[in-house]
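Beneath this line is the structure, given in structure tokens, with notes to follow.
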Amino acid sequence: MGTVEGVFEFSFRVRYMEVDAQGVVFNAWYLTYFDEAFAAFLAARGYGLEKLIAAGFDVQLAHAQLDWKTGLRWQDDALVAVSPARLGRTSFTMDFEARRRSQDAGLACSGRIVYVVVATDGSGKREIPPLLAGALGTPVPLRTG
């Protein structure tokens, strides 16, 4: 894990169970990769999900958009770049890019996920708490549109 030019990078290795009969990562796993990368992004910025939950907040995925370019394969050393794309009042948007770690590797999958902040007591959505807004930082979109 690390950062490059303000964009957080989450490293992982593709596991056998994540690959489908076509020999590439099954599409649903990209959402899992993005979820793990988002949790690591927050932790690296000092505001992990456990702190968010302890403060009475959580986030729920409201919308996800994924675009595939090429498949990751079993045992690929890969990374997910993570960056906030937009901050609203009760929701925020995160951009993700999954690729192999090699220098010449192209983009495998990009994603944009909208999260809504909710109360852990089930009472509904809440404004983004200041500590979460601070951890998210200034939006630097990875995707256009």
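Along the sequence shown, residues carry numbers from 1.
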Nearest 0.5 Å please: distance from the [atom1] atom of [X] over to the [atom2] atom of [Y].
X: Y115; Y: L132; atom1: OH; atom2: CG; result: 11.5 Å
X: L142; Y: S83; atom1: CG; atom2: OG; result: 4.5 Å
X: Y30; Y: F34; atom1: OH; atom2: CZ; result: 8.0 Å
X: I113; Y: L31; atom1: CD1; atom2: CG; result: 5.5 Å

Is [X] linked to [Y] within one hydrophobic cluster, defined over Ile, Leu, Val, Met, Phe, Trp and Tyr using a side-chain heavy-atom separation of less than 4.5 Å?
X: F12; Y: F38; result: yes
X: V117; Y: L49; result: yes
X: M94; Y: I53; result: no

| field | side-chain contact (heavy atoms from CB on, under 4.5 Å) evaluation trace for L42 with L136 | value | CA-CA 7 Å; L42 286 180; L136 293 170; 4.2 Å; yes
| query | If only atom types and distance count, is the side chain of K51 paired as donor or acceptor with the main-chain N or O of G46 below 3.5 Å? | reply | yes
| message | Closer than 3.5 angstrom, by distance alone: can the side chain of R13 be matched with the main-chain N or O of Q75 as a donor-acceptor pair? | response | yes
Please output the side-chain donor-acceptor pairs of residues 123-131 that fall under 3.5 Å, not counting sequence neighbours, one pair per line with the distance.
from, atom 1, to, atom 2, distance (Å)
S123, OG, D121, OD1, 2.5
S123, OG, R126, NH2, 2.4
E127, OE2, R89, NH1, 3.3

| Of the non-hydrogen atoms in F10 and A40, which two are nearest, and what is the gap between them? | CD1-CB, 3.6 Å
| remark: Nearest heavy-atom contact between G137 and P84 is O-CG, 4.4 Å
| What residues, two or more places apart in sequence or in another chain, satisfy side chain to side chain donor-acceptor pair (under 3.5 Å) together with E97? | R99
Heavy-atom distance under 4.5 Å between the side chains of [X] and [Y], does that happen here?
X: L87; Y: P139; answer: yes
X: F96; Y: R112; answer: no
X: R86; Y: F92; answer: no

Mind listing the side-chain donor-acceptor pairs of residues 58-72 below 3.5 Å, one per line with the distance, residues two or more places apart or on another chain?
from, atom 1, to, atom 2, distance (Å)
D67, OD2, R143, NH1, 3.2
D67, OD2, R143, NH2, 2.7

Extract all donor-acceptor atom pairs below 3.5 Å that involve side chains of residues 14-23 and protein atoms in other chains or at least two apart in sequence.
from, atom 1, to, atom 2, distance (Å)
R15, NE, E18, OE2, 2.8
R15, NH2, E18, OE2, 2.8
E18, OE1, R15, N, 2.9
E18, OE1, Y33, OH, 2.7
D20, OD1, Q22, N, 2.9
D20, OD1, G23, N, 3.4
D20, OD1, V24, N, 3.4

| field | Residue list, side chain to side chain contact (heavy atoms under 4.5 Å, CB included) with A55, at least two apart or on another chain | value | Y47, F57
| remark: Residue pairs passing the salt bridge (charged side-chain N to carboxylate O under 4.0 Å, His left out) test with at least one member in residues 22-36, sequence neighbours excluded, are none
